[in-house]
Amino acid sequence: MSSHMQQSQSRSLVDWLSYLEQIHPANIDMGLERVGTVARRMGLTELPFKVITVAGTNGKGSSCAMAASILMAAGYRVGVYSSPHLLRFTERVRVNGQELDDGDHCAAFAEVEAARGDIALTFFEFATLAGLWLFRRAAPDVLLLEVGLGGRLDATNVVESDVALITSIALDHCDWLGDTREAVAVEKAGVYRKGKPAISGEPNPPSTIASEAARLGACLRQVGIDFRGDEHEGDWDYHGLHHWSGLPKPALPLMNAVTVLAALESLGLPLAESAIRDGLANARLAGRMQQLQTSPLVIVDVAHNPHSAAYLASQLRQLPGKGKRRAVVGMLKDKDMAGSLAELGGLIDEWFLASLHGPRAATADQLATALGGGRGVALTFACVGDAYGAALAASSPDDMVIVFGSFYTVADVLALGSV
């Protein structure tokens, strides 16, 4: 063993993550050439188990959570690769719902470091290759692979998947993916594969989804055409290759559940209806309409663009409450702050606006400008912790505090509870 490898294997996870931050090239082209070369060296492009790739502007994490819950209820061993994490890097790689030990991640990083040679990798590319190595070693029956950004050029797209699904198409990351839904759809549809099921859960699809699927030779199935969900007062029905009626409504977005069932029935693995029912009923995901306490009611949600903020607003309208609603908000400045805040405009009595920290962070004053006047009281704070503390202090037991705007904002509040 070389001294370099000995050194890399003795690194702690904290050391490794610090190292990955340091070697991250400043200006790097999005593309699969570099990461693909290393993936082929490591034998990670074709994995010996079923792979479902999950792309989309919003709903990727929820879709992976519901698919994993259903597959585990059916007795399958399931891997989930997700990003970003909320509290711990190890959240990104889970097998049957469990995180792996720090030492496992360190071993995976050492393998990637040895294989990359002089090839530069971004933090996400390095982490993705390490995750794929860990999943190959863990040998699940199914791997749910959540795309980081876009699809076509995302590091996860080095893997040949069995089914690929797109949850939604909205404008986000416009600098990378284009500033029209048609352009964004081309990037997302890059995860589709020739001769393989290609699922689209976007109810208002840009024409480019179908044209890209056709160009790639994928077998496109679209919501509203090839499958659908019919919602009732207390349950819902699925119509696709199968018909399942009286299904329980999940705690996560129903539109994503519909898409997940289309993907799972296209995968070809046997699924008992009881597993679908149990899986839907039990699926949860940290940071998505997550309730932290009841008096006052505190809900955290990672909604960070107008599309996800609109869904959050629809959920809040269904919650009974006779008290005031206070929002704790921190956002990144490259997001549509005004559009996101406007979606919740009529639902919030008082705004507690917090500055995030880092090169992409928006200040509380920038949020106040984006909020505009006439939308209730707006207070500004230097950090999320201060804003959250003030919102709690101002609230009576009947009130509600909603924390949203970014993964970073939710992570800061969750960290307060885990100290």
Side-chain angles (χ1 to χ4, degrees), residues 1 5 8-9 11 13 16-17 19-20 32-55 60-61 63-65 67-69 71-72 74-85 88-117 119 121-148 151 153-165 190-193 196-197 263-264 267-269:
M1 183 187 294
M5 283 298 292
S8 65
Q9 285 194 345
R11 282 185 174 132
L13 183 55
W16 267 113
L17 296 176
Y19 171 69
L20 297 196
L32 298 183
E33 189 175 338
R34 292 169 296 95
V35 68
T37 298
V38 183
R40 285 187 290 276
R41 286 178 187 172
M42 298 178 71
L44 298 175
T45 58
E46 296 192 33
L47 298 169
F49 38 77
K50 298 279 191 183
V51 178
I52 302 177
T53 299
V54 181
K60 296 186 294 289
S63 296
C64 287
S69 184
L71 287 165
M72 285 191 289
Y76 294 108
R77 183 171 164 84
V78 184
V80 177
Y81 181 68
S82 63
S83 64
H85 59 275
R88 298 172 303 281
F89 177 85
T90 51
E91 294 167 26
R92 295 176 180 229
V93 174
R94 297 186 301 282
V95 177
N96 271 10
Q98 301 300 308
E99 296 171 29
L100 305 182
D101 292 338
D102 286 7
D104 295 320
H105 287 271
C106 293
F109 286 143
E111 292 287 333
V112 177
E113 179 74 346
R116 77 177 179 91
I119 294 177
L121 296 173
T122 66
F123 183 101
F124 183 75
E125 290 166 342
F126 209 114
T128 298
L129 291 170
L132 293 173
W133 184 84
L134 288 168
F135 287 121
R136 189 183 62 189
R137 191 173 71 166
D141 299 307
V142 182
L143 170 60
L144 299 161
L145 195 55
E146 181 187 319
V147 168
L153 299 177
D154 190 77
T156 56
N157 206 30
V158 300
V159 176
E160 293 304 319
S161 63
D162 298 278
V163 175
L165 69 92
V191 299
Y192 288 162
R193 293 289 188 269
K196 298 291 175 68
L264 292 179
L267 190 63
L269 291 177

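These numbers come from the heavy atoms of this one structure, side chains and all, not from hydrogens, waters or symmetry mates.
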Would you give the length of the straight line joining atom [atom1] of [X] to atom [atom2] of [Y], rounded to the nearest 0.5 angstrom?
{"X": "Leu47", "Y": "Ser161", "atom1": "CG", "atom2": "OG", "value": "10.5 Å"}
{"X": "Leu267", "Y": "Lys196", "atom1": "CG", "atom2": "NZ", "value": "10.5 Å"}
{"X": "Leu264", "Y": "Lys50", "atom1": "CG", "atom2": "NZ", "value": "12.0 Å"}

Using atom types as modelled and distance alone, determine if a side-chain donor or acceptor of [X] lies under 3.5 Å from a backbone N or O of [Y].
{"X": "Arg77", "Y": "Ala138", "answer": "yes"}
{"X": "Thr37", "Y": "Glu33", "answer": "yes"}
{"X": "Arg34", "Y": "Ile119", "answer": "no"}
{"X": "Asp104", "Y": "Asp101", "answer": "yes"}
{"X": "Arg136", "Y": "Gly43", "answer": "yes"}

Indicate yes or no: at least one non-hydrogen side-chain atom of [X] is less than 4.5 angstrom from one of [Y].
{"X": "Thr53", "Y": "Arg193", "value": "no"}
{"X": "Glu91", "Y": "Pro84", "value": "no"}
{"X": "Phe49", "Y": "Tyr76", "value": "no"}
{"X": "Leu17", "Y": "Phe109", "value": "yes"}
{"X": "Asp102", "Y": "Thr90", "value": "yes"}
{"X": "Val158", "Y": "Leu44", "value": "no"}

Using every non-hydrogen atom in the two residues, find where [X] and [Y] come nearest and quote the distance to one decimal.
{"X": "Leu71", "Y": "Val142", "answer": "CD1-CG1, 3.9 Å"}
{"X": "Gly131", "Y": "Val93", "answer": "CA-CG2, 3.9 Å"}
{"X": "Cys64", "Y": "Val80", "answer": "CB-CG1, 4.1 Å"}
{"X": "Phe135", "Y": "Pro140", "answer": "O-CD, 3.2 Å"}
{"X": "Glu146", "Y": "Thr156", "answer": "O-CG2, 3.6 Å"}
{"X": "Ala130", "Y": "Val112", "answer": "N-CG2, 3.6 Å"}

Should we count CD of Glu160 as having more than 12 external heavy atoms under 6.0 Å?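 Above 12, so yes.
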Are Val147 and Val191 close enough, and set up right, to give a side chain to side chain contact (heavy atoms under 4.5 Å, CB included), and what steps lead you there? CA-CA 9 Å; Val147 168; Val191 299; 3.9 Å; yes
For a side chain to side chain contact (heavy atoms under 4.5 Å, CB included) check, start with the C-alpha distance between Trp16 and His105, then their side-chain angles and the critical distance, and finish with the verdict. CA-CA 9 Å; Trp16 267 113; His105 287 271; over 6 Å; no
Under 3.5 Å side-chain donor-acceptor pair for Arg94 and Ser82: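 Yes - a donor-acceptor pair under 3.5 Å links their side chains.
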Cationic tip of Arg11 above Tyr19 ring, under 6.0 Å, 45° of axis: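 Cation-pi check for Arg11 and Tyr19: passes.
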Determine whether Val35 and Thr122 satisfy the following criterion, side chain to side chain contact (heavy atoms under 4.5 Å, CB included), listing intermediate values before the conclusion. CA-CA 9 Å; Val35 68; Thr122 66; over 6 Å; no
Mind checking whether Phe89 and Phe123 have parallel, tilted or perpendicular rings, split at 30° and 60°?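 Rings of Phe89 and Phe123: perpendicular, over 60°.
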Evaluate side chain to side chain contact (heavy atoms under 4.5 Å, CB included) for Thr128 paired with Asp154, printing each intermediate quantity in order. CA-CA 10 Å; Thr128 298; Asp154 190 77; 5.8 Å; no
